[in-house]
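The following block contains the structure, expressed as structure tokens.
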Amino acid sequence: MLTPLGLATAAGSAALYAAGWWLGYPEPAALGAAGLAASAGALLWTLPRPRLEVRREIAPEKVARGEPAVGVLHVTNAGRAVRGGLAARDTAGSEPVAVDLPRMRSGARRTVTYRLSTARRGEIPVGPLRLVRADPLGLARRVRSYGTPRTLLVRPRTVPLGLLPSGRAHHLEGPTSEKSPAGTATFHALREYVVGDELRHVHWKSSARTGTLMVRRLVDASLPTTTVLVDDRAAAWRDPDDFELAVDVAASVAVGAARASFPVRVLAASGPVAATRGGPGDAETVLDRLTRLALDPGGDRSVTDALRGAPGGGSLVVVVQDGAALARLGAVRARYDRVVALRVRPGDGAPVPPGVQAAEVADLDALKAAWPLLGRGR
């Protein structure tokens, strides 16, 4: 609890007192005693513990990178009057935030609002509130924490994009999805009846043959999946800001397909990120999962390695910067109806493999302008 200055003062005062007492000089002993008394008084000054009730809010709790967010502290003094000598500090990630907390009478309430930084994507822990009490001489300091920390989710920025057409009509008995919007449902299999199933879906011939009530399992057989792959190898990017833009690009593509109620699969070179089947909350799921995506410093898997084991069909959108990663896309071209490579601020003119569409993306505005052209081309 003693500061470095307090420790030095206490140690020096003790040595001075001992030397004065041992040598029989009262002046050094008196100075040493005064220093020790000052150190003890500093400890007593910081001993009182303020009784504060702190309730924290973050508005909004989820925000796109660069958009405003604020922290709100509701502070109530549940004890005696708070004296001076207090410095309040909140934390937002690794950044300290000074909080104006003046003297408060017993029972007084105060609401403090401050701006939160949203420049970097990720989960930003906010709090707790730390109250620092220091003596006037700076010899002692005591830090106490108040309030429950909260988390601010800084998600990728997006621009509205339309669904990229797969360019192929899907057979009714082809790839299926558990989600079945009206008008695209087809028979897939039989299963046992459970309470709540519609009787019009009962398959009476199978029920009579098996002795168990069987119903048709209807699935959607016409919705192609959009697969979005982000190269998250640290060695594949020149600048971390380029990777942040790459995540924004991937989020824009995936959210565009999800909001159209189409299945979306998001992958990174390091592994799967998200998989949705075409529902109203899919866009939120994709954004939350991409918020946690970070560069992999030891990543050694290529973009084609990440696609091994993943189902084919539909559209594949790969977000890369490395020209070598672009060249490998020719090996997976036959597995997908359409393959698009979005190169984020490339530094070379790497050739595009046959059958792969490509566009260079300097920012999200460039992506928004190039996307309709990619949708028309083959």
Side-chain angles (χ1 to χ4, degrees), residues 1-58 69-117 119-120 122-152:
M1 294 191 300
L2 286 175
T3 64
L5 176 60
L7 290 173
T9 300
S13 298
L16 192 61
Y17 178 83
W21 179 82
W22 180 263
L23 296 176
Y25 291 100
E27 292 81 1
L31 289 176
L36 291 174
S39 300
L43 291 175
L44 292 175
W45 180 277
T46 61
L47 191 59
R49 179 186 180 91
R51 292 179 56 195
L52 300 181
E53 297 176 357
V54 177
R55 182 168 60 88
R56 182 187 310 279
E57 296 178 5
I58 299 176
V70 296
V72 182
L73 291 175
H74 303 279
V75 183
T76 302
N77 183 13
R80 297 180 179 179
V82 177
R83 313 180 294 182
L86 290 177
R89 297 286 186 273
D90 209 9
T91 54
S94 59
E95 299 181 7
V97 180
V99 177
D100 181 18
L101 193 64
R103 296 188 180 190
M104 299 177 63
R105 299 190 306 273
S106 178
R109 298 180 180 179
R110 184 172 180 84
T111 299
V112 180
T113 303
Y114 57 90
R115 186 86 175 259
L116 296 173
S117 175
R120 304 300 298 180
E123 293 178 315
I124 311 299
V126 181
L129 177 69
R130 290 181 171 87
L131 221 59
V132 181
R133 180 186 290 276
D135 69 292
L137 298 178
L139 301 180
R141 188 180 69 158
R142 187 186 297 269
V143 180
R144 293 184 172 93
S145 299
Y146 298 87
T148 303
R150 302 284 292 272
T151 300
L152 169 65

Neighbour count >12 (heavy atoms, 6.0 Å) for atom CZ, Arg142: yes

To the closest 0.5 Å, what do you measure between OG (Ser39) and CG (Leu139)? 5.5 Å

Passes side-chain contact (heavy atoms from CB on, under 4.5 Å), Asn77 versus Arg105? Steps please. CA-CA 7 Å; Asn77 183 13; Arg105 299 190 306 273; 5.8 Å; no

Kindly compute the distance separating CG (Leu73) from OG1 (Thr111), expressed to the nearest 0.5 Å. 9.0 Å

To the nearest 0.5 Å, what is the distance between CD1 on Ile58 and OG1 on Thr151? 7.0 Å

Please report the closest heavy-atom contact between Trp45 and Ala134, naming both atoms and the distance. NE1-O, 3.3 Å

Once side chain to side chain donor-acceptor pair (under 3.5 Å) is applied, do any residues pair with Arg144, and if so which ones, sequence neighbours excluded? none

Surrounding OH of Tyr17 (heavy atoms of other residues, nucleotides or ligands, distance under 6.0 Å), is the total greater than 12? no

Is there a donor-acceptor contact under 3.5 Å from the side chain of Thr91 to the main chain of Gly127? yes

Looking only at non-hydrogen atoms, find the nearest pair between Ala140 and Thr46 and report the distance. O-CG2, 3.8 Å

Contact summary for Pro50 and Arg133, nearest pair of heavy atoms: CG-NH2, 3.7 Å

Heavy-atom nearest pair, Ser13 first then Gly35, reads OG-CA, 3.1 Å

Output the distance between atom CG (Leu16) and atom OG1 (Thr9), rounded to the nearest 0.5 Å. 11.5 Å

Minimum heavy-atom distance between Ser117 and Leu152, given as atom pair plus value: O-CD2, 4.4 Å

So does Arg55 pair up with Glu53, basic N to acidic O under 4.0 Å? no

Is the shortest side-chain heavy-atom distance between Leu129 and Arg56 below 4.5 Å? yes

Val97: side-chain contact (heavy atoms from CB on, under 4.5 Å) partners, not counting sequence neighbours: Asp90, Ala92, Tyr114

Which pair of non-hydrogen atoms, one from Val75 and one from Met104, has the smallest distance, and what is that distance? O-CE, 3.8 Å

So do Leu116 and Val70 actually touch side chain to side chain, heavy atoms under 4.5 Å? no

